[in-house]
*Asks:* 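Quick one: the structure is below, and I'll ask about it shortly.
Atoms considered below: every heavy atom in the structure, side chains included; atoms not considered: hydrogens, waters and symmetry mates. This chain uses plain numbering: 1 for the first residue, then up along the sequence. Counting starts at 1 for both ligands and their atoms, in listed order.
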Amino acid sequence: MKILIIEDEPKTGEYLRQGLTEAGFVVDLARNGDDGLHLALNGAFDLVVLDVMLPGIDGWDVLQTLRSRGLGMPVLFLTARDQVEDRIRGLELGADDYLVKPFSFAELLARVRTVLRRGRTLPETTSLRVADLELDQLRRRVTRAGRRIDLTAKEFGLLELLMRRQGEVLPRSLIASQVWDMNFDSDTNVIEVAIRRLRGKVDDGHDLKLIQTVRGMGYVLEDAGVS
Ligand code: CA
C-alpha cells in the first residue's frame, strides 16, 4: 500500500513518514502543494494524507485538481483548522476524512485503515499472530487460545507494536514515541506499568510467556518456546 503525505511542517512530515512506514506502508513525502500534486498525479498512490495550509497551491486546490483529473484515491485531510465550515468544504470537495491537529498517531493510523478498507483496496493482512495469540487490526480484537482479551486503546497499541515487530527488542524510547506519541523522561515508569498490565492480560495462566523484559534494553514479544 502506497501513501503520499503532503505536509510542509518538517517535524510533522517526518513523524508521519516514520510512523506509517513502521506500520508497513510505502510512504512518499512532499513538502509543498506543487510537488505533492505532481507526485499524486503520477505515482499511483492508494491514499493521500493532505495538509490544507501549504506553500504554493493549498490543499483545497490539490484535492480539487486530483478530482477534476479523475483521480479517486482516498484523501485524508490533516489540518490545524477546526472550523465546521472547513470540514464541510473538505468533505464537499471529495475528501474521505478529516483530522484536526494536534492528532494522535494511533488515531491517524486507525482512520487511514478505515478509509482504505472503505475503498476497493483491502490491506493484505489484517491480523497478526504469534503462537496462539492473535490480534485483528481491523476489528481491534485480541484473542489468546481462542479466548477474547479486553485491552485499553493504549494496551492494544502497545501489543500491536510488539507483535508487528516480534522477536525485536524495542527500546522504551521507541515505544513511547510510537504508542504515546511523545518522549518520556527516561526515569518514567509509565511504559513499565503498561507492560506489566498487558503481560498480566496476555500471559497470565499460560505456560508460554510471550512478553519478555530485556534488562537495560527494552521489551520483546516472541514465541521462545516453553521454558
Ligand atoms: Ca501546513
*Asks:* To make sure I understand the geometry: which N, O or S atom in Asp51 is closest to the Ca ion (ligand 1)?
*Replies:* OD2

*Asks:* Roughly how far, to the nearest 0.5 Å, is CG of Leu208 from CZ of Arg144?
*Replies:*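 One gets 5.5 Å once the value is rounded to the nearest 0.5 Å.
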
*Asks:* Please determine whether Glu9 has a backbone or side-chain N, O or S atom lying under 3.0 Å from the Ca ion (ligand 1).
*Replies:*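 Here the distance criterion (N, O or S atom, under 3.0 Å) is not met by Glu9, so no.
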
*Asks:* Using a strict cut-off of less than 4.0 Å between a Lys/Arg side-chain nitrogen and an Asp/Glu carboxylate oxygen, indicate whether Arg67 and Asp96 qualify as a salt bridge.
*Replies:*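 The answer is yes: the pair qualifies as a salt bridge.
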
*Asks:* Charged N to carboxylate O below 4.0 Å: is that the case for Arg199 and Glu192?
*Replies:*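 Salt bridge between Arg199 and Glu192, a charged N being under 4.0 Å from a carboxylate O: no.
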
*Asks:* Dump the intermediate steps for side-chain contact (heavy atoms from CB on, under 4.5 Å) on Glu7 and Val49, then the final yes or no.
*Replies:* CA-CA 8 Å; Glu7 167 64 76; Val49 177; over 6 Å; no

*Asks:* Take the Ca ion (ligand 1) as the vertex and measure to OD1 of Asp8 and O of Met53; round to 10°.
*Replies:*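 Approximately 90° at the metal, rounded to tens of degrees.
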
